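Everything numeric in this text was worked out from a predicted model, so none of it was measured. Computation of the quantities below employed the complete heavy-atom set of this structure, encompassing side-chain atoms and omitting hydrogens, waters and symmetry-equivalent molecules.
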Amino acid sequence: MRSKLIAAAAISLILTACQSKPMDQLSYSEMKSLSLELHKRCWAQGVKSDTPEMKACLQQEFTRESSMRNSNYQARQAIGDALIAGGQGYNQGMQQQPRYTPTTCTSTPSSTWVGGPVRQVRTSCY
């Protein structure tokens, strides 16, 4: 169980590293790079520079990008919260379990006739 939790956390961290930041957390250079990317998207759709259509396209692409980034950020936050809750539940479960449970075993020899050589020993533990 613990290894599954650790694996899930590792995968989450890897995916989080690949995701983008929300718009309000971008630096100037990141915002400039994003602006160029949005322009490229509009140009790829055939929109010409310095036109009202370009302005509308950029606004739409910016809104779309912002919405996606915020949605991804919220999903990552929810995953993080779930991992924390799962880890806390696991820790509580481990604390409630007894650390040592004694085991008692009984061995019974058996032979083919009374007083004969022992051919088999049956052991039962509980």
Side-chain angles (χ1 to χ4, degrees):
M1 174 68 178
R2 187 174 183 160
S3 62
K4 288 182 183 177
L5 186 61
I6 291 171
I11 290 170
S12 175
L13 288 174
I14 291 169
L15 291 177
T16 301
C18 297
Q19 297 297 324
S20 52
K21 299 182 207 176
M23 298 297 257
D24 59 346
Q25 293 180 4
L26 294 178
S27 68
Y28 175 76
S29 60
E30 290 170 328
M31 188 62 87
K32 193 173 176 181
S33 176
L34 176 62
S35 176
L36 181 59
E37 177 63 32
L38 297 180
H39 274 86
K40 287 179 182 178
R41 288 183 200 170
C42 290
W43 290 326
Q45 296 173 27
V47 179
K48 297 192 190 288
S49 296
D50 300 327
T51 63
E53 187 180 6
M54 176 59 88
K55 184 177 180 180
C57 179
L58 289 172
Q59 183 61 45
Q60 177 59 34
E61 289 296 326
F62 182 84
T63 302
R64 179 179 167 270
E65 184 73 23
S66 179
S67 176
M68 285 176 33
R69 285 172 179 255
N70 288 335
S71 177
N72 290 344
Y73 180 76
Q74 289 172 354
R76 289 192 312 269
Q77 288 294 107
I79 289 170
D81 292 343
L83 286 171
I84 289 169
Q88 289 172 345
Y90 175 78
N91 287 337
Q92 288 172 352
M94 290 303 290
Q95 290 173 357
Q96 292 173 358
Q97 290 181 350
R99 292 190 176 165
Y100 171 74
T101 53
T103 303
T104 305
C105 296
T106 304
S107 298
T108 308
S110 62
S111 64
T112 54
W113 67 86
V114 177
V118 176
R119 298 201 179 239
Q120 189 175 26
V121 176
R122 293 182 190 204
T123 303
S124 300
C125 296
Y126 53 92

Result block: side-chain N/O donor-acceptor pairs under 3.5 angstrom for residues 55-63, not counting sequence neighbours:
from	atom 1	to	atom 2	distance (Å)
Gln59	NE2	Thr63	OG1	3.4
Glu61	OE1	Arg41	NH1	3.2
Glu61	OE2	Gln45	NE2	3.4
Thr63	OG1	Gln59	O	2.9

In this structure, OG of Ser35 is separated from NZ of Lys40 (nearest 0.5 Å) by 11.0 Å
Apart from Ile84 itself, its cluster of hydrophobic side chains linked below 4.5 Å comprises none
By side chain to side chain donor-acceptor pair (under 3.5 Å), which residues pair with Thr123, not counting sequence neighbours?
Ser107
Looking at residues at least two apart in the chain, or sitting in another chain, which of them share a side chain to side chain donor-acceptor pair (under 3.5 Å) with Thr104?
none
When rounded to the nearest 0.5 angstrom, what distance separates OG1 in Thr51 from CE in Met54?
6.0 Å
Which residues satisfy the side-chain contact (heavy atoms from CB on, under 4.5 Å) test with Leu26, sequence neighbours excluded?
Lys21, Met23, Glu30, Met31, Leu34, Arg69
Can you name the residues that form a side-chain contact (heavy atoms from CB on, under 4.5 Å) with Gln77, not counting sequence neighbours?
Tyr73
Residues at least two apart in sequence or cross-chain that pass side-chain contact (heavy atoms from CB on, under 4.5 Å) with Ser124, listed by chain then number, are none
So which atom in Glu65 and which in Leu38 form the shortest heavy-atom distance, rounded to 0.1 Å?
CB-CD2, 4.4 Å
If the condition is side-chain contact (heavy atoms from CB on, under 4.5 Å), which residues does Thr108 pass it with, not counting sequence neighbours?
Thr106
Check the surroundings of atom CG in Asp50: do more than 12 heavy atoms from other residues, nucleotides or ligands lie under 6.0 Å from it?
no
